[in-house]
Amino acid sequence: MPRLAAALRGLAAAAAALITVAAVPSGAAADTVPHSPAPSSQPGNGPKAPAEFVALRDVDPTVIQEMRYFTPHDFMGVPVTGYRAPMCLLTRDAARALHRAQRSFLRRGYSLKVYDCYRPQRAVDHFVAWDKDLGDQRMKAEFYPRVDKSMLFRDGYIAEKSGHSRGSTLDLTLVRLPALPTRPYVPGEPLSSCYGPKAARFPDNSLDMGTGFDCFDTLAHTLDPRIKGEQRANRLLLKDGLERAGFVNYDKEWWHYTFTPETFPDTYFDFPVARRSLVRHRPVARAADGPGHRITPVDPVPRTLL
């Protein structure tokens, strides 16, 4: 009985406490409970892409995506800041133009493959910070074997701003269909120079362009006279097809193209590469007014692009 009485007294005290909290005015109660995290710390908040940005896969799922900066297989040897998903984001204009180029290449038995698309400013800042750390040269043997790291910024391989951050620039290549599978890079594995024979370079299912992607070497210049025969023909095949769709090549990198006119020619964005960065602008069309009406979302990207 004493134990039962004690338990009843405990229940009564707990009930009284609940009644007291319920009676406290909302302003006072706010001072007695933990505050929710600030809005900026909630998942999904932070910088968002303008409505003009889309995921390439939503516009053309046939383009192969091998997003290198999401992985450690890049010139730094680590995933790059700001790449939260292995996906290609572009302005809608650039994505539609790429779709047109892809349709042309598919008819000839090829597919485009993208390595990088929109690049947030925070990623560019990561490049600049890495460039200043001369002690970190773990990937030199593959990506810049003939260039002193202290010269990368001076020679233009690294810069404080990138056209990629404006959303209409991308890095890409061509793959002969059917595309062969490629294996992932294993950190610490032996490296081969990006300008060596294709069979000796890191495996890539793309056409032989004379160098690998992101090769910091003058051999990567699109029309370098030392690139001849099939390698030169492959570069020109890519260049011709993309130029017909409205892209312009950066002549020091065979893989680098910008769609013109750019949607945002003077704006550098910093939202992360992630699906949640895209703002879902989906206007609704009301089928009927009054009770029971249905609302149908309207897809802002047409399923069939001209």
Side-chain angles (χ1 to χ4, degrees), residues 64-83 86 88 112-117 119 123-159 162 164 169-176 179-222 224 226-228 230-232 234-235 238 249-257 273:
I64 301 169
Q65 299 190 27
E66 185 180 314
M67 311 312 292
R68 287 286 188 89
Y69 294 154
F70 181 74
T71 78
H73 190 213
D74 56 52
F75 59 86
M76 297 192 301
V78 296
V80 180
T81 300
Y83 288 82
C88 171
L112 290 165
K113 179 172 79 169
V114 294
Y115 294 114
D116 190 35
C117 298
R119 182 185 305 164
V124 180
D125 295 342
H126 191 180
F127 293 170
V128 173
W130 168 85
D131 178 70
K132 296 176 181 178
D133 182 6
L134 298 182
D136 184 356
Q137 301 194 32
R138 72 188 79 174
M139 303 300 285
K140 177 178 176 62
E142 179 175 354
F143 291 96
Y144 52 105
R146 296 193 289 204
V147 181
D148 191 289
K149 185 178 179 181
S150 65
M151 297 291 103
L152 293 179
F153 196 90
R154 186 204 68 177
D155 292 346
Y157 294 110
I158 303 292
S162 170
H164 284 269
T169 295
L170 68 165
D171 298 331
L172 71 172
T173 188
L174 277 174
V175 175
R176 190 184 302 278
L180 299 175
T182 58
R183 69 171 179 83
Y185 165 74
V186 178
E189 70 173 85
L191 303 176
S192 300
S193 70
C194 56
Y195 55 78
K198 182 173 174 60
R201 290 180 237 144
F202 184 85
D204 191 319
N205 60 2
S206 69
L207 300 183
D208 185 4
M209 299 290 183
T211 77
F213 164 64
D214 255 1
C215 188
F216 295 172
D217 196 276
T218 55
L219 278 173
H221 294 186
T222 307
D224 187 284
R226 294 168 292 176
I227 300 297
K228 301 177 181 180
E230 181 182 352
Q231 296 173 341
R232 186 177 185 86
N234 290 338
R235 291 187 184 189
L238 176 65
N249 174 240
Y250 173 52
D251 64 0
K252 292 181 172 55
E253 296 176 350
W254 60 257
W255 56 82
H256 181 119
Y257 285 83
V273 177

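These values consider heavy atoms only, across backbone and side chains, with no hydrogens, waters or symmetry-generated copies. Bear in mind the structure is a predicted one, so any value in this text is a computation, not a measurement.
Using modelled atom types and a 3.5 Å distance limit, the side chains of N249 and T222 yield a donor-acceptor pair. For the residue pair T218 and R226, a side-chain donor N or O sits within less than 3.5 Å of a side-chain acceptor on the partner. When only modelled atom types and interatomic distance are considered, Y83 and D116 share a side-chain donor-acceptor pair under 3.5 Å. W254 and T173 form no side-chain donor-acceptor contact under 3.5 Å, judged by distance and modelled atom types alone.
Counting only distance, with no hydrogens or angles, the side chain of R68 and the backbone of Y115 share no donor-acceptor pair below 3.5 Å. Under a 3.5 Å cut-off, the side chain of S192 and the backbone N or O of F202 do not form any donor-acceptor pair.
Counting only heavy atoms from C-beta outward, the side chains of D171 and H164 approach each other to under 4.5 Å. Proximity of Y157 to C215: side-chain heavy atoms (C-beta onward) are nowhere separated by under 4.5 Å. For the pair V78 and H126, the minimum side-chain heavy-atom distance is below 4.5 Å. Taking 4.5 Å as the limit, some side-chain heavy atom of K149 sits within range of a side-chain heavy atom of Y144. P203 has its side chain out of reach of T182: every pair of non-hydrogen atoms, C-beta onward, lies at least 4.5 Å apart. Between L174 and L112, the closest side-chain pair of non-hydrogen atoms falls below 4.5 Å. Taking the side chain as every heavy atom from C-beta outward, F213 and H256 never approach each other to under 4.5 Å. Using a 4.5 Å heavy-atom cutoff, the side chains of Y257 and T169 are not in contact.
If you take NZ on K198 and CD on E230, they are separated by 9.5 Å, rounding to the nearest 0.5 Å. From L180, atom CG reaches atom OG of S206 across 11.0 Å, with rounding to the nearest 0.5 Å.
By the side chain to side chain contact (heavy atoms under 4.5 Å, CB included) test, D131 pairs with L152, F153, I158, sequence neighbours left out. Partners of D74 by side chain to side chain contact (heavy atoms under 4.5 Å, CB included), not counting sequence neighbours, listed by chain and number: Y69, M76, V80. For K113, the salt bridge (Lys or Arg N to Asp or Glu O under 4.0 Å) partners at least two apart in sequence or on another chain are E66, D204.
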Could you walk me through whether C117 and M67 satisfy the side-chain contact (heavy atoms from CB on, under 4.5 Å) test, starting with their C-alpha distance in whole Å, then the side-chain angles of each, then the deciding distance to 0.1 Å, before giving a yes or no?
CA-CA 8 Å; C117 298; M67 311 312 292; 4.1 Å; yes

Under the criterion side-chain contact (heavy atoms from CB on, under 4.5 Å), I'd like the reasoning laid out for D214 against C194: C-alpha separation, chi angles, the key distance, then a yes or no.
CA-CA 8 Å; D214 255 1; C194 56; over 6 Å; no

What do the steps show when you test Q231 against L207 for side-chain contact (heavy atoms from CB on, under 4.5 Å), and what is the final call?
CA-CA 8 Å; Q231 296 173 341; L207 300 183; over 6 Å; no

Show your working on side-chain contact (heavy atoms from CB on, under 4.5 Å) between Q137 and D148 and close with a plain yes or no.
CA-CA 10 Å; Q137 301 194 32; D148 191 289; 5.8 Å; no

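Across D224 and R232, no two heavy atoms sit closer than the pair O-NH1, 3.6 Å. Nearest heavy-atom pair across E142 and L191 is OE1-CD2, 3.6 Å. The two residues K252 and H221 make their nearest non-hydrogen contact at O-CD2, 3.4 Å. Among all heavy-atom pairs drawn from V114 and Q65, the shortest one is CG2-CG, 3.7 Å. Nearest heavy atoms, Y195 versus L219: CB-CD1, 3.7 Å. Summarising the geometry of N205 relative to A179, their closest heavy-atom pair is ND2-CB, 4.0 Å, with the distance given to 0.1 Å.
In summary, D208 and R201 engage in a salt bridge, as defined by a charged side-chain N under 4.0 Å from a carboxylate O.
Ring pair Y250/W255: centre-to-centre distance not below 6.0 Å.
Ring pair H73/Y185 is parallel by interplanar angle, where below 30° counts as parallel and above 60° as perpendicular.
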